[in-house]
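Accompanying notes for the structure given below.
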Amino acid sequence: MDAVVEAVRPPDGTQDAEASRNAVRTALSDLLERFPDADLINLADDQRLFVVERFLALDVYNRFRLDVGKTVQDNAPSVAAALSRMRQIREYIRETIAARFRALRVPREALLPRRVSRIAAQALREAFHVFEDYLR
């Protein structure tokens with residue numbers, strides 16, 4: 001799994017890279033939990049969709065957290081409220097991306113990099129909009 005992480009997202013010392021590497025590692029771990037016999041080098045279509053969906057949800061959440069997580073914490077009335085808000089944001093992003101991937105599966109649309117980038121950007125924008133009150 002470490003070799004796949006290295007190939008997909010080599011380290012460059014930035015927080016963004018480390019957050020993406022963590023998202024890849026967690027997504028692959030989730031994949032192996034769900035599909036214990038998965039061959040990481042030769043994934044079946046359903047396995048590939050699963051791992052890309054998991055990675056994307058984690059990566060978008062990490063970007064949100066890196067961009068405004070401190071602001072969410074600073075504006076929360078307590079540490080418990082801040083943790084609860086971040087959990088709500090993580091779940092919202094995960095469900096938003098899962099819904100988009102379910103829509104892709106119905107007509108069996110191709111999982112093109114441009115489409116994945118668009119899904120990520122839309123989910124991030126929506127999260128900023130939905131949770132804008134947490135930023136004030």
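Computed from a prediction, not measured in an experiment: that's the story for all the values here.
Side chains of D46 and F35 form a contact here, defined as non-hydrogen atoms less than 4.5 Å apart. Between V68 and F128 the shortest side-chain heavy-atom distance falls below 4.5 Å. By the 4.5 Å heavy-atom criterion applied to side chains, H129 and E126 are not counted as neighbours.
Of all non-hydrogen atoms in A44 and Q47, the two that sit nearest each other are N-OE1, 2.9 Å. A pairwise comparison of heavy atoms in F131 and Q88 identifies CZ-O, 3.9 Å as the closest pair. Here the closest non-hydrogen pair linking A120 and L56 is CB-CD1, 3.6 Å. In plain terms, the two heavy atoms of A23 and D59 that are nearest each other are CB-N, 3.8 Å. Of all non-hydrogen atoms in M1 and L28, the two that sit nearest each other are SD-CB, 3.3 Å. Shortest non-hydrogen contact noted between S20 and R9 is CB-NE, 3.7 Å.
Judged purely by distance below 3.5 Å, without hydrogens or angles, the side chains of R65 and N62 pair a donor atom with an acceptor atom.
For the pair E33 and R54, the salt-bridge criterion is not met [side-chain N within less than 4.0 Å of a carboxylate O]. Electrostatic pairing of D74 and K70 counts as a salt bridge here, judged by a charged N lying under 4.0 Å from a carboxylate O.
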Candidate pair I89 and Y61, rule side-chain contact (heavy atoms from CB on, under 4.5 Å), full reasoning: CA-CA 8 Å; I89 293 164; Y61 171 73; 4.2 Å; yes

task: Mind running side-chain contact (heavy atoms from CB on, under 4.5 Å) on L32 and L40 for me, showing each step along the way?
output: CA-CA 9 Å; L32 292 174; L40 296 180; 4.1 Å; yes

- request: Determine, step by step, whether V60 and T96 satisfy the side-chain contact (heavy atoms from CB on, under 4.5 Å) criterion, reporting the C-alpha distance in whole Å, the side-chain angles of both residues, the deciding distance to 0.1 Å, and the verdict.
  value: CA-CA 11 Å; V60 169; T96 299; over 6 Å; no

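Linking ILVMFWY residues whenever their side-chain heavy atoms come closer than 4.5 Å, directly or via other members, places F55 and I41 in the same cluster. Under the 4.5 Å side-chain heavy-atom criterion for ILVMFWY residues, no single connected hydrophobic cluster contains both L58 and V72. The cluster map of Ile, Leu, Val, Met, Phe, Trp and Tyr, joined by side-chain heavy atoms under 4.5 Å apart, puts L83 and Y92 in different clusters.
R34 CZ to S29 OG: the interatomic distance, rounded to the nearest 0.5 Å, is 14.0 Å. The CZ atom of F50 lies 5.5 Å from the CG atom of D30; values are rounded to the nearest 0.5 Å. For the atom pair OG1 (T71) and CZ (R136), the distance works out to 13.0 Å, reported to the nearest 0.5 Å. Atom CZ of R100 sits about 10.5 Å away from atom CZ of R118, to the nearest 0.5 Å.
Residues forming a side chain to side chain donor-acceptor pair (under 3.5 Å) with E6 (at least two apart in sequence, or on another chain): R21. A search for salt bridge (Lys or Arg N to Asp or Glu O under 4.0 Å) contacts involving D16 returns nothing, not counting sequence neighbours.
By the 6.0 Å contact criterion, CD on E91 is enclosed, its count of non-hydrogen atoms from other residues, nucleotides or ligands being greater than 12.
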